[in-house]
Engineer: 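Below you will find the structure I want to go over with you.
Below, each value reflects all heavy atoms present in this structure, side chains not excepted, and no hydrogens, waters or symmetry copies. Naming convention: chains lettered A, B, ... in sequence-line order (proteins, then strands); numbering from 1 in each chain.
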Amino acid sequence: MDFHKLTLHLFKLAFLGFFAATLMCLSGPCYANDNDVQNADESPEFTRIGDIKSGNMGGEVHIINLYDHQDFITWPGGEPQNPFSLRITCGKCHDYETISRGWHFNAGFESVLDPESGQKVPVKIDPGRVSEPWIYWDCQTATQIPLSYRPWPGTYRPEQLGVSKWWFTRIFGRHLPGGGVSVRDETADLDPKDRWAVSGDLEINCLTCHSASPSYNQSEFANQIAKQNFRWAATAASGLATVTGSVKALPGLWLPTDGSKDVPNVVYHKSRFLPEQKTFIDIQKKISNKRCLYCHSTKNIGAHTDEDVHLSAGLSCVDCHRNGLDHVITRGYEGEPNQPGHVASCKGCHLPAESSPVPVSGRLGAPEPAHPGIPTVHFDKLTCTACHSGPWPGKTTIRAKTSRAHALGTQNVNISDETLPHIFSPVFIPDQTGKIGPHKIIWPSFWAHLKGRQVVPIAPQIVKEAAGNILYHKLELESATWPKLTDQMVTQVLGILASENSRQGRPVYICGGKLYCLDDSGKLTEQEHPAAGPYAWPIAHDVRPAAQSLGVRGCADCHATDAPFFFGAVEVDSPLASQQGRVKIMADFEGIDAVYTKAFAFAFVFRPWLKLITIACSAVVAAVLLLYALKALACLTKVFARQDNKFD
Amino acid sequence: MVMLRSIWTLGFLKKLVYLLAVLCFVVLSITGFGPWLVFQKRLAGYWAMAHVTFAPVFALCMAALAVMCADNHRFDKSDWNFLSRIFRRSTLDEGPVSNGSVLVMKVCFWLICGLAIPLILSIALSMFPLFGTAGQKFLFQLHRYSTLLFALAAIVYVYLVAITQVKKHN
């Protein structure tokens, strides 16, 4: 090849590269690299450029335009300065529709609109293993009740308590990433109490997880939700703008033309913008732990717990809790559907795969546990977390506070350890696989109607209105914990509820693991009912180091006659003054006969003797065997000696 | 007189140990094999507690029987002659010849003693932090299969002892 031809080829290649790069830049606001372009050519047409894995591990720099809800560029010089919409902005390069069905957004996702027929088509989302619910609580009515849009046994749908999707977003949006139930369903009938028209939708806030900016403020996001500024929340949290005003102060039928001093106002920070109306948004594909922990933190009251051992080792949450474009995040429990076996659980990393053609264990440096001296029956009956996760079990359970239940991390939140809801941890309960593992529990407490065996909760507002002055007034309550509820008060409220609407069923009050109702003579009686049982969800973190796992000091960690694993006291939380201070023992929750457990634990007192006796006995038997084996050997030598003598 | 009494005491003790060992063997067999054969479940719960309670007693009996009966069960020339007759079809008079059942009894006795060691140690050692999960599984399998062989040998041995005793009385 001569020099001219080589130059021509190089020129052609450079031209093609330039052409491809130009195409890439025109197709979206993200700056991407050459690998993206190559893959983009091979990928289906509908795949957006931001969703193609280039293979470059360096990550992309997002210098982009921000778009408002009407698809107009919004920037400091624009008029009016609207909040940006991440649905539009991120949707330029990423498939928002696909992402919006991810795990964090799909609770309450029941149907999709079929574009061809215009009809709603039901969608079934696997609820998976039970998890932390949203806990609605109210001191005045002594209510704490687990809510969820997922059909987890023991939870109630928010509508059953009169909480519409808008109100759900208003109450819990502080720790929601937006999307799903936080976006108005155009096809559904709107509740006049809902204020979608003024608050706007709480679209998926991609920055909740993906922002790497130190100025991103999730607490401000929560603050905006409290002000009902749903549409403005992401903008205010981003640190790119300041949002003033509050939708809360506006009437429900307010129109922009009406004007008001309370209208949310956006002021973008000029210093954060670049020429061409662009701004740099610090986006991370690999989510940092603090983004996850804002919503997934636990404070164990009265127990010092170190950081999860995986985080201490340098791993991040998303190393295990992975997802693809669909954002269906691996939750990491055993038997999780649609998850590859080698990544889905503790076993996936820590134990050799049984059926994989290539070695897949030890990922990310996971050590393979030896478990010396632990009979294998433990692995059939216990989850990994039973010994390795959560706070070390004590004589009694401890109270825990979580980000989502106690609004941790938000402004002006009650940081008292007594505040509702009351969560107890760790309680050892069999999970959905039948293995015993540590759980957090709450004791549901609410007013309800009993229809047959079915319990239908009554909205606290209805109870308040019916009860009048029987229950405490808000101002009479000293703190956000249980009021001192007496049997007499419960009797009176149940009496009023019974007289008001008897067709809905028999009024009952559930608390402290019992169902209270009035008998025919109007006397308060208590009974057992499945709905009164505790709602429990598994503890996966914080994982303790191996040296702090249950059993590390020997069998007595769990099999002593007073070991908390079986005989720890679990507080039965009740607002009823007469029921306070009650406890149950752990074995009651484990589904194990308490007498047997005690007898079995007592057997461990003699375990050292057992070891000594059995080893001594086998030594004696071995000695006898050896003795007669030697005698046999002596005979043999004699026989051979005699044969030698014969030959001589 | 003292000699006679001591022999009687020793004989009584031996019988007692035999009976206790047989009782323990029955209980351990039922509790060990029962859950799997009847319910297809692993040994657990009260079955396991009974199993673990009788196991050390049985181990003690095994040690005592090994000490007390080993000498009676040692192989001698009569056994050798019996084997020689069978394998070489010898009809020559080479001295005393053992009874076939006695030889089998002796073999069973030494099998029982030999199998008792892995049987006991497989469980005793698993209680120490020496073996990891793979080792624990191996020990458990060792316990299972040595138990099976042990049980077979013990059944044959007890049967032959019983037959011998009945013959003696008749």
Engineer: Which one wins on heavy-atom pair count under 4.5 Å against chain A: B/Ala63, B/Gly114, B/Ala116?
Structural biologist: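 Result: the option with the highest number of such pairs is B/Ala63.
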Engineer: Please determine which of B/Phe109, B/Phe75, B/Trp110 meets the ring-ring contact (aromatic ring centres under 6.0 Å, His included) test together with A/Tyr628.
Structural biologist: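 Passing option: B/Trp110.
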Engineer: Using only non-hydrogen atoms and a strict under-4.5 angstrom cutoff, which residues of residues 590-610 of chain A touch chain B?
Structural biologist: A/Asp593, A/Val595, A/Tyr596, A/Ala599, A/Phe600, A/Arg607, A/Leu610
Engineer: Anything in residues 32-54 of chain B with a heavy-atom distance to chain A below 4.5 Å? Please list those residues in order.
Structural biologist: B/Arg42, B/Ala44, B/Gly45, B/Tyr46, B/Met49, B/Val52
Engineer: Heavy-atom count around A/Lys381 NZ within 6.0 Å, excluding the residue itself: above 12?
Structural biologist: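 No - once you tally the heavy atoms of other residues, nucleotides and ligands closer than 6.0 Å, there are 12 at most.
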Engineer: Using a heavy-atom cutoff of under 4.5 Å, enumerate the residues of residues 117-138 of chain B that contact chain A, numbered in order, or state 'none'.
Structural biologist: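 From residues 117-138 of chain B, the residues near chain A are B/Ile117, B/Ile120, B/Leu121, B/Ala124, B/Ser126, B/Met127, B/Phe128, B/Pro129, B/Leu130, B/Phe131, B/Gly132, B/Thr133, B/Gln136, B/Lys137.
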Engineer: Quick check: under 4.5 Å, non-hydrogen atoms only, which of residues 612-622 of chain A neighbour chain B?
Structural biologist: A/Ile613, A/Thr614, A/Ile615, A/Cys617, A/Ser618, A/Val620, A/Val621, A/Ala622
